[in-house]
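Residues take their numbers from the sequence shown, with the count starting at 1. Below, all heavy atoms of this structure are taken into account, side chains as well, without hydrogens, waters or symmetry copies.
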Amino acid sequence: MQSLLAVVLAAAAADPSYARPRPDLSLVVVVTVDQLRPDYFARYGKQFTGGFRTILDSGTLYDNGRQDHAITETAPGHSTILSGREPTSTGIVDNEHGVGDVSAPLLGGDPGLGASPRRFRGSALYDWVKASDPGVLVLSVSRKDRGAILPLGRARAPVYWWSNGRFTTSHYYADSLPDWVRRFNETRPDRRLAGMKWDLLLPPSAYTEPDSEPYENGGKDTAFPHRIPRWVNVAEHLQDYPWMDSLTLAFALDGARALDLGRRSRPDLLLVALSATDAVGHRYGPDSREMHDHLLRLDRWLGRFLDSLGTRVPRERMLVILTSDHGIQPFPERTHGKGRVWLGDMAREGRTFGSGLLSADTLALHARGIRIADLARVLADSASRRKGVARVYTPETLAAAPPADSAAMLWRNTLPAGYGWLIAAVLEPGFVWSTADAGAAEHGSTAELDVMVPIAFVGPGIARAVIHRPVRTVDIAPTLAELLGVRPAERLDGAALKEIVGGR
């Protein structure tokens, strides 16, 4: 029986009002840099010479982009970018309820956690393009499983991520790895990095940040140079170093060549999610010398990646989009008088807590005769007394919150109808959701530095501009749908960006 989604997609493809693809596009490249903040472009822009420089010199940069939901984590962030919908619609609320799936084990007996998009609801850009162009080619690559999986929605397509020293996928997508993936893995690039030294790319005078702070990296190895010890399992530790991004880009480039992306008369899709920024930011902080140096390296690597793609697909036929899944806040130890807040002690009797949300099986509680509204009010009163907690919503108070309550709107954009929860909390500025002994910089809250992300477009017909008005990651998919002449299969939360689509 044909699925409802297939019927909707077929109807959308048949709508002549959307049969207006850009004739000058051969490849759409979507690059998502985990934990990339928009202020980095102003802060380090004069030192960028590669991919970030291309954005500043040739593209439209929105430096007031937003992940417009409350739990600013990787899974919900990635679910918004090419679906055009908030987590309340995609069903991806947080990392814990993201892509983990024991019924979809990794290939080759890999002991890593199985993964699939089964929790994702609805469709995404690739579905809309495929409905009108069945021959469209796609490749999605990331260090993280959720970074590779969620931008494609539920589609079964070439999707690969890093696990235990190699790129792989799960049985949701395939039963074996193609030859090009096996050949790449056989080179064991992680082993070549054993003993590698991470030193400053530029002279020390080019960096204004202190080289070492006692709260960085758990108080160990806080100053340059940093080195991957020869005796460690490099496959397990590579993800904490900048070279993971270089490796991911190299793999994506191999895949683009193997799949012959961008060589048809209609546009193909290449999706790349880079995660080393997230690792460096958590360990050393967003304002560290390590973050500064990593961004300089990533800028150069991204530039070489785009140049290499340009040898196969003319740059004038390539559209590049850059964004992020979330931002990050400074170490609370760096902001005097602030700190870490955790409500995990309330997570008992079937409850779970994370990033401000206390979830529960409310149907089971109701079956036991517990009045959900009363329990939620008691918990909210207790949570609101904690230092650093600004306000707490219950299902009743969130439903009654006015549109002017911006934090309430972020939570409404997060929670799907029927999702079981008891309280949703908001922090005072400078506080983070974290256990007291976490020792890392954090994201995940409704704070401005957590929700702020860059959104940039570079390609034919795109003007050079820096635009300060607020836009959202859910605006990316409808913008691309307009440019590619395809119709979304459902109502979207975002809208096409006028500076990009112009009179279209």
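Defined by atom type and a distance below 3.5 Å, a donor-acceptor pair is present between the side-chain atoms of S123 and E490. In summary, the side chains of H326 and D450 do not present any donor paired with an acceptor at a separation below 3.5 Å, with no hydrogens or angles considered.
In this structure the side chain of L274 reaches within 4.5 angstrom of the side chain of V31, judged on heavy atoms. In this structure the side chain of R85 reaches within 4.5 angstrom of the side chain of L492, judged on heavy atoms. Side chains of W162 and L238 form a contact here, defined as non-hydrogen atoms less than 4.5 Å apart. Looking at R283 and E290, their side chains never come closer than 4.5 Å, going by heavy atoms from C-beta outward.
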Practice problem: Please test T168 against S163 for side chain to side chain donor-acceptor pair (under 3.5 Å), starting from the C-alpha separation and ending with a verdict. | Solution: CA-CA 7 Å; T168 189; S163 176; over 6 Å; no
Exercise. Begin from the C-alpha positions of D381 and R377 and carry the test salt bridge (charged side-chain N to carboxylate O under 4.0 Å, His left out) through to its verdict.
Key: CA-CA 6 Å; D381 181 67; R377 279 193 293 269; over 6 Å; no
Quiz item: Could you walk me through whether E73 and S355 pass the side chain to side chain donor-acceptor pair (under 3.5 Å) check?
Solution: CA-CA 9 Å; E73 295 179 351; S355 295; 2.5 Å; yes
Exercise. Dump the intermediate steps for side chain to side chain donor-acceptor pair (under 3.5 Å) on Q67 and T80, then the final yes or no.
Key: CA-CA 8 Å; Q67 285 283 359; T80 69; 3.0 Å; yes
Self-check item: Stepwise side chain to side chain donor-acceptor pair (under 3.5 Å) check, S288 with E216
Solution: CA-CA 9 Å; S288 63; E216 294 178 355; 5.0 Å; no
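The two residues E482 and A496 have their closest heavy-atom pair at CB-CB, 4.4 Å. A pairwise comparison of heavy atoms in A407 and R391 identifies CB-NH2, 3.1 Å as the closest pair. Closest heavy-atom contact between P117 and Y172: CD-CE2, 3.4 Å. Here the closest non-hydrogen pair linking R464 and L56 is NE-O, 3.3 Å. The two residues R146 and P151 have their closest heavy-atom pair at O-CD, 3.9 Å. Pairing each heavy atom of I71 with each of P76, the nearest pair is O-CG, 3.3 Å.
Remark: the backbone N or O of W161 is not paired with any side-chain donor or acceptor of S142 at under 3.5 angstrom. Looking at D127, its side chain does come within 3.5 Å of a backbone N or O of A124 through a donor-acceptor pair.
Ion pairing of D287 with R37 is present here, as a side-chain N (NZ or NE/NH1/NH2) and a carboxylate O approach within less than 4.0 Å.
The aromatic rings of Y284 and W198 sit perpendicular to each other, their planes meeting at more than 60°, with 30° as the lower class boundary. Note on ring orientation: taking the six-membered ring where Trp is involved, the planes of Y241 and W243 are parallel (angle under 30°, cut-offs 30° and 60°).
Each of H282, H294, Q35 was evaluated against T277; a single residue qualifies, H294, per the side chain to side chain donor-acceptor pair (under 3.5 Å) test. Considering D325, D34, D245 as possible partners of K144, the one that fulfils the salt bridge (charged side-chain N to carboxylate O under 4.0 Å, His left out) test is D34.
Taking CD1 of I81 as the reference point, atom CG of L480 lies at 11.0 Å (rounded to 0.5 Å).
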Indicate every side-chain donor-acceptor pair of residues 419-429 with a distance under 3.5 Å to a residue at least two apart or in another chain.
none

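A cation-pi arrangement is absent between R469 and Y62 under the rule of less than 6.0 angstrom and at most 45 degrees off the ring axis.
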